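Encoded as structure tokens, the structure appears first; notes follow it.
Since we're looking at a predicted model, the values are computed, not measured.
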Amino acid sequence: WVPQAPNVWFRPLLLNTVTGGWCNLLRVRKSGMISRHRHPGLVVGYVIKGSWRYLEHPWIAEAGHFLYEPPGEIHTLVVDQGVEEMITFFNIAGAMIYLDEQGVQNGYEDVFTKIEMCRAHYRAVGLGDYVDSFIR
């Protein structure tokens, strides 16, 4: 698991440098807002454990739920109080563009920034170039 923020990790499954997409597991072990963002490409996901929701929608994604995020939609991921751990599989077709409350970009991730985040973490914990096993 690669740390992304306090109590938030991801585990790469596929880092596709040809299409620019990636597949990973997202694990969260805290309640609260995780990120406000949008994607230029589509995203699909499957909740493995726990639950979460988007502030902008009335539904709750629970274990066993499949989800689809249309390109360009802005949403804010929230893990509610009482959820000890959330794990969701995501297949992301492009970048993640992080936004502040006014919709101004304040961060960016793509497959290449994910690779570098993984590479730095794996080297720091003695796994060397382990990330290369996920790159296609």
Side-chain angles (χ1 to χ4, degrees):
W1 292 94
V2 177
Q4 183 159 328
N7 297 305
V8 179
W9 300 265
F10 71 94
R11 182 173 182 164
L13 302 172
L14 170 66
L15 299 162
N16 190 329
T17 60
V18 176
T19 66
W22 70 91
C23 297
N24 69 268
L25 299 176
L26 178 67
R27 179 172 72 182
V28 179
R29 290 185 171 164
K30 71 172 186 173
S31 61
M33 281 189 253
I34 307 303
S35 65
R36 184 168 193 252
H37 63 278
R38 71 173 176 212
H39 308 272
L42 71 88
V43 173
V44 294
Y46 180 79
V47 183
I48 297 168
K49 183 178 182 182
S51 63
W52 56 273
R53 62 187 174 91
Y54 285 136
L55 285 180
E56 298 79 8
H57 293 286
W59 48 262
I60 296 175
E62 298 175 315
H65 287 185
F66 174 84
L67 62 118
Y68 165 80
E69 299 175 9
E73 178 185 271
I74 296 173
H75 40 257
T76 309
L77 196 149
V78 175
V79 175
D80 288 318
Q81 288 286 344
V83 178
E84 292 182 19
E85 181 176 58
M86 177 277 277
I87 299 176
T88 300
F89 166 82
F90 283 107
N91 181 347
I92 300 166
M96 289 187 65
I97 301 164
Y98 294 101
L99 306 166
D100 67 14
E101 294 77 20
Q102 288 74 42
V104 176
Q105 181 177 332
N106 61 4
Y108 176 87
E109 288 182 343
D110 63 14
V111 69
F112 300 102
T113 63
K114 289 300 227 188
I115 289 169
E116 290 311 309
M117 193 182 304
C118 291
R119 191 174 308 286
H121 172 71
Y122 291 140
R123 285 181 177 167
V125 298
L127 293 174
D129 291 325
Y130 180 61
V131 68
D132 291 343
S133 63
F134 304 107
I135 299 172
R136 300 288 177 254

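- Contact detail for Asn106 and Leu99: the closest heavy-atom pair is OD1-N, 3.4 Å.
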Practice task
Run the numbers on Val111 and Thr19 for side-chain contact (heavy atoms from CB on, under 4.5 Å), then give the verdict.
Solution key: CA-CA 9 Å; Val111 69; Thr19 66; over 6 Å; no

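- Residues Tyr46 and Phe10 do not share a hydrophobic cluster, defined by chaining ILVMFWY side chains whose heavy atoms lie under 4.5 Å apart.
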Handout entry: Verdict with reasoning, Leu67 to Phe90, per side-chain contact (heavy atoms from CB on, under 4.5 Å)
Key = CA-CA 9 Å; Leu67 62 118; Phe90 283 107; 4.2 Å; yes

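- Follow the hydrophobic side-chain contacts under 4.5 Å out from Ile92 and you never reach Val44; the two are in separate clusters.
- Taking both residues in full, the closest heavy atoms of Ile60 and Ser51 are given as CG2-CB, 4.0 Å, listed atom of the first, atom of the second, then distance.
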Just list the side-chain donor-acceptor pairs under 3.5 Å for residues 124-136, sequence neighbours left out, or say none.
from, atom 1, to, atom 2, distance (Å)
Asp129, OD1, Arg119, NH1, 3.3
Asp129, OD1, Arg123, NE, 3.0
Asp129, OD1, Arg123, NH2, 2.7
Asp132, OD1, Arg119, NH1, 3.1
Asp132, OD1, Arg119, NH2, 3.1
Ser133, OG, Tyr130, O, 2.8
Arg136, NH2, Ser133, O, 3.3

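- Closest non-hydrogen pair, Glu62 versus Val47, comes out as O-CB, 3.3 Å.
- Linking ILVMFWY side-chain heavy atoms closer than 4.5 Å, directly or via other members, places Leu25 and Trp22 in two distinct hydrophobic clusters.
- Tested against His75, the residues Arg53, His39, Arg38 include a single side-chain contact (heavy atoms from CB on, under 4.5 Å) partner, His39.
- Put simply, the side chain of Leu13 reaches to within 4.5 Å of the side chain of Phe89, judged on heavy atoms.
- Here the shortest heavy-atom pairing between Pro12 and Asn24 reads CA-CB, 4.1 Å.
- Once rounded to the nearest 0.5 Å, the distance linking OG1 of Thr88 with CZ of Arg27 reads 12.5 Å.
- Both Tyr98 and Leu26 sit in one connected hydrophobic cluster of ILVMFWY residues. Membership requires side-chain heavy atoms under 4.5 Å apart, directly or through other members.
- Aromatic ring centres of Tyr54 and Trp59 lie closer together than 6.0 Å.
- Once rounded to the nearest 0.5 Å, the distance linking CG of Leu15 with CD of Glu116 reads 10.5 Å.
- Taking the side-chain hydrogen bond (donor to acceptor under 3.5 Å, both in side chains) definition, one finds that Tyr108 meets it with Asp110, sequence neighbours left out.
- Under the 4.0 Å criterion applied to side-chain N and carboxylate O atoms, Glu101 and Arg36 are not assigned as salt-bridge partners.
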Handout entry: Leu55/Met33 under side-chain contact (heavy atoms from CB on, under 4.5 Å): CA gap, chis, key distance, verdict
Key = CA-CA 9 Å; Leu55 285 180; Met33 281 189 253; 3.7 Å; yes

Practice task
Please lay out, stage by stage, how Glu109 and Met117 fare under the test side-chain contact (heavy atoms from CB on, under 4.5 Å).
Solution key: CA-CA 10 Å; Glu109 288 182 343; Met117 193 182 304; 3.5 Å; yes

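- The backbone N or O of Leu77 lies less than 3.5 Å from no partner atom in the side chain of His37, so there is not a single donor-acceptor pair.
- Of the listed residues (Glu85, Met86, Gln4, Glu84), just one forms a side-chain contact (heavy atoms from CB on, under 4.5 Å) with Val28, and that residue is Met86.
- Within the 4.5 Å cutoff, the side chain of Asp80 has no heavy atoms near those of the Ser31 side chain.
- Hydrophobic clustering (side-chain heavy atoms under 4.5 Å, transitive across Ile, Leu, Val, Met, Phe, Trp, Tyr) keeps Val78 apart from Val8.
- Taking each heavy atom of Pro40 and Ala95 in turn, the nearest pair found is CD-O, 3.3 Å.
- Under the salt bridge (Lys or Arg N to Asp or Glu O under 4.0 Å) criterion, Glu69 pairs with no residue, sequence neighbours left out.
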